[in-house]
Amino acid sequence: MLNKIKALLQEVEQLKASNAEELEALRIKYLSKKGEIFLLMNEFRNVAADQKREVGIFLNELKETTQNKINEIKEGFNNAQVSLDEIDLTRTAYPVSMGTRHPLSIVKKEICDIFGRLGFSIAEGPEIEDDWHVFSSLNFADDHPARDMQDTFFIQHNPEIVLRTHTSSVQTRVMEKQEPPIRIICPGRVYRNEAISYRAHCFFHQVEALYIDKDVSFADLKQALIFFAKEMFGPETNIRLRPSYFPFTEPSAEMDISCNLCGGKGCPFCKHTGWVEILGCGMVHPNVLENCGIDSKVYSGYALGMGIERITNLKYQVKDLRLFSENDIRFLRQFESAN
């Protein structure tokens, strides 16, 4: 009898059924009251006493294995049925809705691509910075207003640790570690303690560029600015430079472009001047070079910086800065064609 049980156990392990009817037939064959396992149990009374324990163990194993095999096949049928039920074969095909890149990401990539064609590489740095890289190395005076609590976020009331107020801190880190020539562009998020409104936010995004080498002149800066303006806003764009002041550049200038809405003729967007300010720039101050270990008598350079939100406003006429950080899907879907 033991051999018969073992042979039947091997047979059960190979059971297969392609539909519910075949599965039911297998259940009747092995597990019904007239099935083979039930018949073996009736024969169990005739087994010799010294063999009952061993035969009983195998007989129970046979019954349990058969039941588990039937359940396994049945579960496979149920899963397949559920999968088919979830598919609506009468439904027409429809396009899968694709996401879109954020407008700030679109513009940041375009800016980086333009300067990339001029040979600039991307450099990045920490958003939590120390006073030296954000202010002192960049020639900020100890009593400069930018250091005040009204303009800067300090970490745990530590006057030496701040959230960076500009990405110029990345430039100083690169200048400390890398010998000229240096040609980098520094995109990233910056923080300033300002009231949130349609025209200002406590965080925004900048892209700054730095070029350090021998015999770099203001003429080189001007040519880079003209190239950028025409690539970003169109070949008809004109620029003008106005004298300004920044602690880290001398001479310093602010750059305007001809209004891309009225073509420089004057409109409400440009306050009827025909010009729109987009960035600040200048020749790197000799003190900044010396602070970062670069000989200002041998090397010179220029730097420029712009707000990505400002460029995006001009490019897409977005009038409220808060829209960039609200994640309103209706606003973001307007930029699907710009990807």
Side-chain angles (χ1 to χ4, degrees), residues 102 104-105 107-108 111-112 122-178 182 184-210 212 244-250 252 254 277-282 284-294 301-313 320-327:
H102 195 278
L104 295 181
S105 298
V107 172
K108 182 182 77 171
I111 295 172
C112 292
I122 295 177
E124 296 179 331
E127 295 182 6
I128 300 177
E129 267 288 10
D130 54 60
D131 177 271
W132 169 257
H133 290 98
V134 175
F135 297 122
S136 298
S137 63
L138 292 166
N139 204 37
F140 280 82
D142 292 339
D143 58 352
H144 194 282
R147 296 176 183 265
D148 294 343
M149 286 294 292
Q150 287 78 13
D151 292 314
T152 303
F153 288 107
F154 292 86
I155 304 299
Q156 295 181 344
H157 305 289
N158 186 340
E160 297 298 319
I161 305 298
V162 302
L163 295 181
R164 66 183 182 188
T165 59
H166 48 195
T167 54
S168 301
S169 58
V170 181
Q171 298 178 10
T172 59
R173 286 185 174 273
V174 172
M175 285 190 285
E176 287 176 341
K177 298 178 181 179
Q178 181 179 330
I182 298 172
I184 58 170
I185 185 168
C186 312
R189 178 153 44 182
V190 299
Y191 306 84
R192 293 181 189 175
N193 191 7
E194 298 184 4
I196 298 175
S197 68
Y198 75 96
R199 57 181 300 176
H201 212 293
C202 61
F203 71 88
F204 53 99
H205 301 79
Q206 283 187 336
V207 175
E208 300 192 26
L210 174 71
I212 306 290
S244 186
Y245 168 76
F246 303 109
F248 36 83
T249 54
E250 180 60 37
S252 303
E254 291 181 347
E277 177 190 340
I278 67 166
L279 59 83
C281 59
V284 179
H285 198 292
N287 289 349
V288 175
L289 295 176
E290 295 293 340
N291 288 338
C292 296
I294 297 175
Y302 65 73
L304 61 95
M306 69 193 82
I308 299 178
E309 281 85 349
R310 179 64 169 164
I311 304 300
T312 307
N313 284 346
D320 192 335
L321 283 176
R322 292 169 293 191
L323 290 171
F324 292 128
S325 56
E326 290 179 348
N327 293 324

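The figures here come from the full heavy-atom set of this structure, side chains too, leaving out hydrogens, waters and symmetry mates. The structure displayed is predicted, hence computed values, not measured ones.
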Value rounded to 0.5 Å, distance of CG in Asn139 from CG in Asn287: 4.5 Å

Stepwise side chain to side chain contact (heavy atoms under 4.5 Å, CB included) test for Val284 and Glu250: CA-CA 6 Å; Val284 179; Glu250 180 60 37; over 6 Å; no

Pairing residues for Ile161 by the side chain to side chain contact (heavy atoms under 4.5 Å, CB included) criterion, not counting sequence neighbours: Ile128, Asp130, Ile155, Asn158

Looking only at non-hydrogen atoms, find the nearest pair between Thr152 and Leu163 and report the distance. CG2-O, 4.4 Å

Give the C-alpha distance, both sets of side-chain angles, the deciding distance and a yes or no for side chain to side chain contact (heavy atoms under 4.5 Å, CB included) between Phe203 and Glu194. CA-CA 9 Å; Phe203 71 88; Glu194 298 184 4; over 6 Å; no

Atom pair CD1/CG of Ile308 and Leu104 - distance to nearest 0.5 Å: 6.5 Å

Can you sort out the partners of Leu321 under side chain to side chain contact (heavy atoms under 4.5 Å, CB included), two or more places apart, ordered by chain and number? Glu309, Asn313, Phe324

For Glu127, all residues meeting side-chain hydrogen bond (donor to acceptor under 3.5 Å, both in side chains), sequence neighbours excluded: Tyr191

Side-chain contact, heavy-atom cut-off 4.5 Å: Lys108 with His205? no

For the residue pair Val174 and Ile182, what are the closest heavy atoms and their distance? CG1-CG2, 4.0 Å

Results of side-chain hydrogen bond (donor to acceptor under 3.5 Å, both in side chains) for Glu208 - residues two or more places apart only: Thr167, Ser168, Gln171

Minimum heavy-atom separation for Ser137 and Thr172, please, with both atom names. OG-CG2, 3.3 Å

Any idea how Phe248 and His166 line up, ring-wise: parallel (<30°), tilted (30 to 60°), or perpendicular (>60°)? perpendicular

Please say whether more than 12 non-hydrogen atoms of neighbouring residues, nucleotides or ligands are located less than 6.0 Å from CD in Glu290. yes

Between Val134 and Thr165, is there a side-chain heavy-atom distance shorter than 4.5 Å? yes

What distance do Phe140 atom CZ and Phe246 atom CZ have between them, rounded to the nearest 0.5 Å? 10.0 Å

I'd like to check the side chain to side chain contact (heavy atoms under 4.5 Å, CB included) partners of Ile196; sequence neighbours left out, ordered by chain and number. His201, Cys202, Arg322

Just do the side chain to side chain contact (heavy atoms under 4.5 Å, CB included) check on Val207 and Val107 with the steps written out, would you? CA-CA 10 Å; Val207 175; Val107 172; over 6 Å; no

Please round to the nearest 0.5 Å and tell me the distance separating atom CD of Gln206 and atom CG of Leu279. 11.0 Å

Output, in order, the C-alpha distance, side-chain angles, deciding distance and verdict of side chain to side chain contact (heavy atoms under 4.5 Å, CB included) for Ile278 and Ile311. CA-CA 7 Å; Ile278 67 166; Ile311 304 300; 4.0 Å; yes

State, to 0.1 Å, how close Asn291 and Ser136 come at their nearest heavy-atom pair, and which atoms those are. ND2-O, 3.7 Å

Correct closest heavy-atom pair for Cys112 and Pro187 would be SG-CG, 4.1 Å

How far apart are the C-alpha atoms of Arg173 and Glu124, what are their side-chain angles, what is the distance that settles it, and do they pass the salt bridge (charged side-chain N to carboxylate O under 4.0 Å, His left out) test? CA-CA 9 Å; Arg173 286 185 174 273; Glu124 296 179 331; over 6 Å; no

Value for OH (Tyr302) from OG1 (Thr249), rounded to nearest 0.5 Å, stands at 14.0 Å

Arg310: partners by salt bridge (Lys or Arg N to Asp or Glu O under 4.0 Å), with sequence neighbours left out: none

Identify, with sequence neighbours excluded, every residue that meets side chain to side chain contact (heavy atoms under 4.5 Å, CB included) alongside Glu277. Arg242, Glu254, Asp256

Contacts of Glu160 meeting side-chain hydrogen bond (donor to acceptor under 3.5 Å, both in side chains) (sequence neighbours excluded), chain-then-number -> none

Keeping the roles fixed (side chain from Arg164, backbone from Val170), state whether a donor-acceptor pair exists under 3.5 Å. no

Who passes side-chain hydrogen bond (donor to acceptor under 3.5 Å, both in side chains) against Ser169, sequence neighbours left out? none

